[in-house]
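First comes the structure, then the notes that go with it.
Nothing fancy with the numbering, it's 1 onward along the sequence.
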Amino acid sequence: METLHVRMLGGFILHYGNEEIILGRNTTAKFVQLLQMVWLEGNKGISKTQIVRYLYEADELSNPNNSFNNLVFQMRRQMEAAGLPKKDYIIKRGKVFIPDPGVPLTIDVLDFNSYIDQARAEKDEDRKYDLYAHAFDLYRGELLPEAGTKTFVVKAGAQLHQKFNEAAKWLGNYTKSRKDYQDMYRIYEKAAKIYPDSDWQAYQIEALISQENYKEAYQLYDTTVRRYTDDMGLTPSDKMLENYRKMSRKLQQPQTELMEIQSSLVENPVSGAYYCSYPSFIDTYHIMQRNMERIGFSAFMLLCTLVDYEGKPISNKEKLEERGRALKESIGSSLRKGDVYTKFSASQYLVLLIGSTREGCDVVARRISKSLKEREGAKADVRYSNVSLSDLSRIVQD
């Protein structure tokens, strides 16, 4: 018979010859999971006890042996109905079940693990690169995402994720040491697409900076930081901030006429307070701090923290996200256009009030609270604290 190609990374797909094999409409059926468990373990095998425990978990079975035998029979019948040759597909060897040796198989997970093991043992760096690269190319996404909550998938998936990170980091460092920044970017771009919440974008940006592609690097930085702060309530990582400082030093406009430069800087339309990312807020704060004495204006920082009607932190994630969006809108509509604000965490916003007083902070706080309650109801509440930039500077110096 021809080789049966099994893909489990990024989705469950079977190919036999030139045809894709569909095992019914339900890709999480128990007979499919049975095959997946055995194929994941390969010739190491998996016991019937483990299979039954993973398949039925909390379900109580009056006759586990009978249930298992019926499932094996159903699996073989479904394989034949899908157009595959009449074979066993799994067999018992000793106390464990393994893939049928009479069925030529390629299994992406087993090949991935094999390349990782070989790469770890390899001493020659060029050969090591090839092995890690083969493993990296095989990893198309998380293990069996359709069955991502199943215990056997969670356990195996976590181990595969760690190995993928290992391959990506090694390949990234290797290409960086060889100054192959295009390949470095390609590696981290793929890692960021598969795991967008793991800060791989910081290394993508580093690759772009190394190519002196500052414009694209800054665009990716801005998009990523906004998503992290707005959608996830996270502040940028140290690596992101390091990239930001590098770009700030290196980013230069090409020689151009002053009017062209000015047109690229114009904010259009100008309305409401100015919202920016947290790193931009830091820069704005530093500029304000440097100019307070020379210009003679006062400035206050206001911290707005979402709380429930009892004054406690909001524990419900969905409610926190909804209130967070409403607080952002309330702050934007309650401030002057010369004021600046940013998201600090999922429940907190920082505001710079330019030319204000402590009494002015209280007025702004009342406006924000009123606006929030109009949007979210009487139980929506915010806790406030404020400090003048001059006092904050003295505290930091002391």
Among side-chain atoms of [X] and [Y], is any donor-acceptor pair under 3.5 angstrom?
{"X": "Gln118", "Y": "Ser114", "answer": "yes"}
{"X": "Asp283", "Y": "Tyr244", "answer": "yes"}
{"X": "Ser371", "Y": "Arg375", "answer": "yes"}

Are the side chains of [X] and [Y] in touch, meaning some heavy atoms are under 4.5 Å apart?
{"X": "Tyr139", "Y": "Phe112", "answer": "yes"}
{"X": "Thr229", "Y": "Thr235", "answer": "no"}
{"X": "Gln348", "Y": "Cys304", "answer": "no"}
{"X": "Ile194", "Y": "Phe164", "answer": "yes"}
{"X": "Tyr181", "Y": "Asp183", "answer": "no"}
{"X": "Leu84", "Y": "Tyr89", "answer": "yes"}
{"X": "Leu353", "Y": "Val351", "answer": "yes"}
{"X": "Val72", "Y": "Arg76", "answer": "yes"}

Is any NZ, NE, NH1 or NH2 atom of the basic residue among [X] and [Y] found under 4.0 Å from an Asp or Glu carboxylate oxygen of the other?
{"X": "Glu80", "Y": "Lys87", "value": "no"}
{"X": "Lys319", "Y": "Glu322", "value": "no"}
{"X": "Lys246", "Y": "Glu242", "value": "yes"}
{"X": "Lys128", "Y": "Asp124", "value": "no"}

With a 3.5 Å distance limit and no angle check, can you tell me whether [X] reaches the backbone of [Y] through a side-chain donor-acceptor pair?
{"X": "Arg227", "Y": "Pro196", "value": "yes"}
{"X": "Ser334", "Y": "Ile331", "value": "no"}
{"X": "Asp339", "Y": "Arg336", "value": "yes"}

Shared ILVMFWY cluster between [X] and [Y], side chains joined below 4.5 angstrom?
{"X": "Tyr275", "Y": "Val382", "result": "yes"}
{"X": "Met240", "Y": "Leu220", "result": "yes"}
{"X": "Leu352", "Y": "Leu327", "result": "no"}
{"X": "Leu350", "Y": "Leu335", "result": "no"}
{"X": "Phe344", "Y": "Met301", "result": "yes"}

Taking the ring centre of each residue, are [X] and [Y] less than 6.0 Å apart?
{"X": "Phe97", "Y": "Phe68", "result": "yes"}
{"X": "Tyr115", "Y": "Tyr132", "result": "no"}
{"X": "His161", "Y": "Tyr195", "result": "yes"}

Atom [atom1] of [X] and atom [atom2] of [Y]: how far apart are they, to the nearest 0.5 Å?
{"X": "Leu110", "Y": "Asn43", "atom1": "CG", "atom2": "CG", "value": "8.5 Å"}
{"X": "Lys328", "Y": "Thr342", "atom1": "NZ", "atom2": "OG1", "value": "9.0 Å"}
{"X": "Leu160", "Y": "Asn165", "atom1": "CG", "atom2": "CG", "value": "11.0 Å"}
{"X": "Asn316", "Y": "Arg323", "atom1": "CG", "atom2": "CZ", "value": "9.5 Å"}
{"X": "Arg178", "Y": "Asn173", "atom1": "CZ", "atom2": "CG", "value": "12.5 Å"}
{"X": "Glu122", "Y": "Tyr129", "atom1": "CD", "atom2": "OH", "value": "15.0 Å"}

Contacts table for residues 2-25: side-chain donor-acceptor under 3.5 angstrom, sequence neighbours left out:
residue : atom : partner : partner atom : Å
His5    : ND1  : Thr106  : OG1          : 2.7
Arg7    : NE   : Leu9    : O            : 3.3
Tyr16   : OH   : Glu2    : N            : 3.1

- Message: If you apply the rule side chain to side chain donor-acceptor pair (under 3.5 Å), what do you find for Tyr218 with Asn213, and how did you get there?
- Response: CA-CA 9 Å; Tyr218 186 80; Asn213 188 349; over 6 Å; no

- Task: Output, in order, the C-alpha distance, side-chain angles, deciding distance and verdict of side chain to side chain contact (heavy atoms under 4.5 Å, CB included) for Val340 and Cys276.
- Result: CA-CA 7 Å; Val340 183; Cys276 62; 3.7 Å; yes

- Go through the steps to decide whether Val307 and Lys312 satisfy the test side chain to side chain contact (heavy atoms under 4.5 Å, CB included), and finish with yes or no. CA-CA 5 Å; Val307 292; Lys312 298 177 182 178; 6.0 Å; no

- Message: Using the rule given for side chain to side chain donor-acceptor pair (under 3.5 Å), can you reason through Asp222 versus Gln219, listing the C-alpha separation, both sets of side-chain angles and the distance that settles it, and then say yes or no?
- Response: CA-CA 5 Å; Asp222 188 58; Gln219 288 172 344; over 6 Å; no

Mind listing the closest non-hydrogen atom pair of [X] and [Y] along with its distance?
{"X": "Gly332", "Y": "Tyr341", "value": "CA-OH, 3.5 Å"}
{"X": "Asn243", "Y": "Ala202", "value": "ND2-O, 2.7 Å"}
{"X": "Arg358", "Y": "Val387", "value": "NH1-CA, 4.5 Å"}
{"X": "Val225", "Y": "Pro236", "value": "CG1-CG, 3.9 Å"}
{"X": "Tyr349", "Y": "Gly324", "value": "OH-O, 3.5 Å"}
{"X": "Ala167", "Y": "Ile116", "value": "CB-CD1, 4.1 Å"}

For [X], does the [atom1] atom have more than 12 heavy-atom neighbours from other residues, nucleotides or ligands under 6.0 Å away?
{"X": "Lys373", "atom1": "NZ", "value": "yes"}
{"X": "Gln182", "atom1": "CD", "value": "no"}
{"X": "Lys239", "atom1": "NZ", "value": "yes"}
{"X": "Glu310", "atom1": "CD", "value": "yes"}
{"X": "Asp238", "atom1": "CG", "value": "no"}

- Query: Could you go step by step and tell me if Asp108 and Asp111 meet the side chain to side chain contact (heavy atoms under 4.5 Å, CB included) rule?
  - Reply: CA-CA 5 Å; Asp108 61 349; Asp111 290 342; 5.6 Å; no

- Task: Report the relative orientation of the aromatic rings in Tyr188 and Tyr203; use parallel for angles under 30°, tilted for 30 to 60°, perpendicular for over 60°.
- Result: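 Tilted, since the angle between the ring planes falls between 30° and 60°.
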
- Query: Between Lys337 and Tyr274, is NZ or CZ placed under 6.0 angstrom from the six-membered ring centre and within 45° of the ring axis?
  - Reply: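 Geometry flag: not set, cation outside 6.0 Å or 45°.
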
- Task: Measure from NZ or CZ of Lys190 to the centre of the six-membered ring of Phe136, then state whether that distance is under 6.0 Å and the direction lies within 45° of the axis.
- Result: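 The answer is yes; both the distance and angle limits are met.
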
- Message: Run Ser369 and Tyr384 through side chain to side chain donor-acceptor pair (under 3.5 Å) and show every step you take.
- Response: CA-CA 10 Å; Ser369 291; Tyr384 300 96; 2.8 Å; yes

- Message: Run Val154 and Thr149 through side chain to side chain contact (heavy atoms under 4.5 Å, CB included) and show every step you take.
- Response: CA-CA 6 Å; Val154 172; Thr149 59; 5.6 Å; no

